[in-house]
Amino acid sequence: MSSLTISKENKEAKQAPSLFQSTQHIIQQALEKLNYNEATYELLKEPLRVLTVRIPVRMDDGSVRVFTGYRAQHNDSVGPTKGGIRFHPDVTEEEVKSLSIWMSLKCGITGLPYGGGKGGIQCDPRTMSFAELERLSRGYVRAISQIVGPTKDIPAPDVFTNSQIMAWMMDEYSHIREFDSPGFITGKPLVLGGSVGRESSTAKGVTIVMREAAKVVGIAVEGAKVIVQGFGNAGSFLAKFLHDAGAKVVGISDAYGALYDPEGLDIDSLLDKRDSFGTVTTLFPNRITNQELLVQPCDILVPAAIENQITEENAPQIQAKIVVEAANGPTTMKATEILTQRGILIVPDVLASAGGVVVSYFEWVQNNQGYYWAEDEVNEKLERILVQSFHQIYQTSLQRGVDMRLSAYMVGLRRMAEAVRWRGWV
Ligand code: NAD
C-alpha cells in the first residue's frame, strides 16, 4: 500500500490529527505490516454504513425538541455489528464512526463473531426527566429499526446510558417486530435477559489486563498506587475492584474535578456518595483539576472517562509505569509515541476496555440459547479470553518491534481483513 493520503491531509491542515484520522492512520500502518492491499484499507478505513436520524420528542412542558442521533456500522463481514449507544451533548458523526471502528478492533482482538457498530444521540441526559429519556430512547429505536436487530446490529450501553435505557429500547424493538427480542440489545436488566457480570464487565476486564501488564513490567497490583480518571460505570467499579485487591487508589475524578491523596482514598465512602452520573468530587472543596490529577505520582494510571486526555502537553509529565486505557481514545497519537519512548507500557483501549463487549457477547449467546450461566462461568470465560488477548498483543509487539497500540490493531484487523478477502469484497 503506498497512499499516504491521511498524513498529507494532516500536513495541509497543520493541526493535530483528529481521533478519526489517527485511527485511519494506524489502520493503514497495521494493514501495511500485515501485507494487505490498498483496497482492504479503502474498505476498512470507514464504516460501511452511517445512518443519521432526527428524533422528535415531546418534552414534559408540552414543547417538541428534535434530537440528532447516529448509528454507524463499521463492517459486517465477520458477523453482525455490535456496539454501544452514547447519550452526550458532544456526540458527533465522526466520534461515532471512530467508536464503531474501535468496536471492530475489540471484537477482532477477543475473537468474537462480530464487526463493530456504535450509536449516539446529541443530548444531555443530566437535564432531562425520566419520561423524556424514555421517549427519546424509544424514538431512537423507531428511527434506526430498519438497520438493527439480533442478527444485524446489536446495541449496548455506553456513556450516560444504562440498563433502564436498554430495557426501554428492547421493549420498543419487540413491539415493532411483534415478538420478544432480548437478543436485540445487551446490557439489559437481569429479569429481561441480562447477563450476570455484565454491569461490571468492563472494569473486570481492565483489572485482568492490568494484572497481566503489571506482571510483564515486574510490579504487583497489590500495593501499587493507582489513579483512575472517571468515576462512572467503568471507573467506579474499577476503583472498587482495585481497592478490594489491595491496590492503593490514590486518585479519582469526574467531570467536575479530581481527588488525590498519596495515602489512598476511601473508595467505599466515595462510592456511597457518588450520583448516578458518576459525580462525587463536587462534595469536596479540596479537589484538583483532571489535568492536575493525570500527572500526580502513581504506578498505574487509568483514564476511564473521555477522549483526548493524555496529549503531547502532559505525556512528558506522566509519572506512571503503566497506562491502562479503560476509556475509548484517551491518548493522542503523539502522546502514545512519547509514552512509548519513555518506556511506559500502554495497554490500549481496544484491548483494555474489551471486557464489556465480551460479556455483551455472552449475554447475546445466552439470549439466543435461552439458557443462562452462573457468574463463575461468565468470569472464567472472560478471564481466559482477555489473558490470551493481552499476551497475543504483547508478544506481537515484541516480535514485530511495534508499540502496543499498533500491535493491537494488527491483531484486531487480521480476521476482518481475511473475511473481506474470502467474501470476495476486495
Ligand atoms: P459513565 O457515563 O458511566 O461515566 C463517565 C465518567 O466520566 C463520569 O464519572 C463523568 O463525571 C466523567 N467525565 C465526563 N466528562 C468528563 C470530563 N470532561 N473530564 C473528566 N471526567 C469526565 O461512562 P462509562 O460507561 O464509565 O464510560 C467511560 C469510558 O469508558 C468511555 O470512554 C467509554 O466509551 C468507555 N467504555 C465504557 C464501557 C462500558 O461498558 N461502560 C465499555 C467500553 C468502554
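We count ligands from 1, going down the list as the structure has it; atoms in each ligand are counted the same way.
- Ile85 places a side-chain heavy atom less than 4.5 Å from the side chain of Met169.
- Here the side chains of Tyr114 and Met103 are not in contact, with every heavy-atom distance at 4.5 Å or above.
- With a 4.5 Å cut-off on side-chain heavy atoms, Ile109 and Ile393 count as touching.
- When each atom of ligand 1 is checked for a heavy atom of Val159 under 4.0 Å away, the hits are 2 (O), 23 (O), 27 (O), 31 (C), 33 (C).
- Using a cutoff of 4.0 Å between basic side-chain nitrogens and carboxylate oxygens, Glu222 and Arg211 are not scored as salt-bridged.
- Looking at Leu99 next to ligand 1, no N or O pair under 3.5 Å apart turns up.
- Only the backbone of Phe277 comes within 4.0 Å of ligand 1, judged by heavy-atom distances.
- Using a 4.5 Å heavy-atom cutoff, the side chains of Thr340 and Ile346 are in contact.
- Between Gly235 and ligand 1, no N or O atom pair is found at a separation short of 3.5 Å.
- The proximity of Lys118 to ligand 1, defined as any non-hydrogen pair under 4.0 Å, does not occur for either the backbone or the side chain.
- Ranking protein heavy atoms by distance to atom 17 (C) of ligand 1, first place goes to Ile306 CD1, 3.5 Å.
- A 4.5 Å side-chain heavy-atom check between Glu172 and Ser137 finds every atom pair outside the cut-off.
- The proximity of Ala304 to ligand 1, defined as any non-hydrogen pair under 4.0 Å, is limited to the backbone.
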Is there a ring pair (Phe, Tyr, Trp, His ring centres under 6.0 Å) between Tyr140 and Trp168 once you walk through the steps?
CA-CA 11 Å; Tyr140 177 70; Trp168 289 325; over 10 Å; no
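- Under a 4.0 angstrom heavy-atom cut-off, Pro157 registers as lying outside contact with ligand 1.
- Of the heavy atoms in Arg198, only side-chain atoms (C-beta onward) come closer than 4.0 Å to ligand 1.
- A salt bridge does not link Lys204 to Glu383: none of the charged side-chain nitrogens sits closer than 4.0 Å to a carboxylate oxygen.
- Inclusion of Lys106 in the set of residues having an N or O under 3.5 Å from an N or O of ligand 1 is not warranted.
- Under 4.0 Å from ligand 1, the heavy atoms of Thr202 that appear belong solely to its side chain.
- Proximity of the aromatic rings of Tyr409 and Trp102 is defined here by a centroid distance below 6.0 angstrom, and this criterion is not met.
- The pair Arg405-Asp349 meets the salt-bridge criterion, since a charged nitrogen lies less than 4.0 angstrom from a carboxylate oxygen.
- Ligand 1 lies nowhere less than 4.0 angstrom from a heavy atom belonging to Arg274.
- With ligand atoms numbered from 1 in the order given, ligand 1 contributes 29 (C), 30 (O), 32 (O), 35 (C) to contacts under 4.0 Å with heavy atoms of Ala327.
- Here the protein heavy atom with the shortest distance to atom 41 (N) of ligand 1 is Asn233 OD1, 3.3 Å.
- Between Lys381 and Glu377 a salt bridge is recorded (basic side-chain N to carboxylate O distance below 4.0 Å).
- The heavy atom nearest to atom 29 (C) of ligand 1, out of those in Gly232, Pro303, Ala305, Ser200, is found in Ala305.
- Using a 4.0 Å cut-off to heavy atoms of Gly278, the atoms of ligand 1 that qualify are 8 (C), 9 (O), 11 (O).
- Note: an N/O pair closer than 3.5 Å links Phe160 and ligand 1 by distance alone.
- Salt bridge annotation for Asp153-Lys82: absent, with no cationic side-chain nitrogen under 4.0 angstrom from a carboxylate oxygen.
- In terms of protein heavy-atom proximity, atom 19 (N) of ligand 1 is closest to Asn290 ND2, 3.8 Å.
- Every atom of ligand 1 is numbered from 1 in the order shown, and the set under 4.0 Å from a heavy atom of Ser353 is 43 (C), 44 (C).
- In this structure, Phe184 and Tyr173 have parallel ring planes: the angle between them is below the 30° cut-off, well short of the 60° mark.
- Using a cut-off of 4.0 Å between Lys/Arg side-chain N and Asp/Glu carboxylate O, Asp299 and Lys225 are scored as not salt-bridged.
- Comparing Pro125, Ala234, Ala326 by heavy-atom distance to atom 35 (C) of ligand 1, the nearest is Ala326.
- Between Asp158 and ligand 1, at least one N/O pair is under 3.5 Å apart.
- Between Asn328 and ligand 1, at least one pair of N/O atoms sits closer than 3.5 Å.
- Each of the following atoms of ligand 1 lies closer than 4.0 Å to a heavy atom of Ala255: 10 (C), 11 (O), 12 (C), 13 (N), 14 (C), 15 (N), 16 (C), 17 (C), 20 (C), 21 (N), 22 (C).
- Contact annotation for Arg86 and ligand 1: only side-chain heavy atoms (C-beta onward) come within less than 4.0 Å of the ligand.
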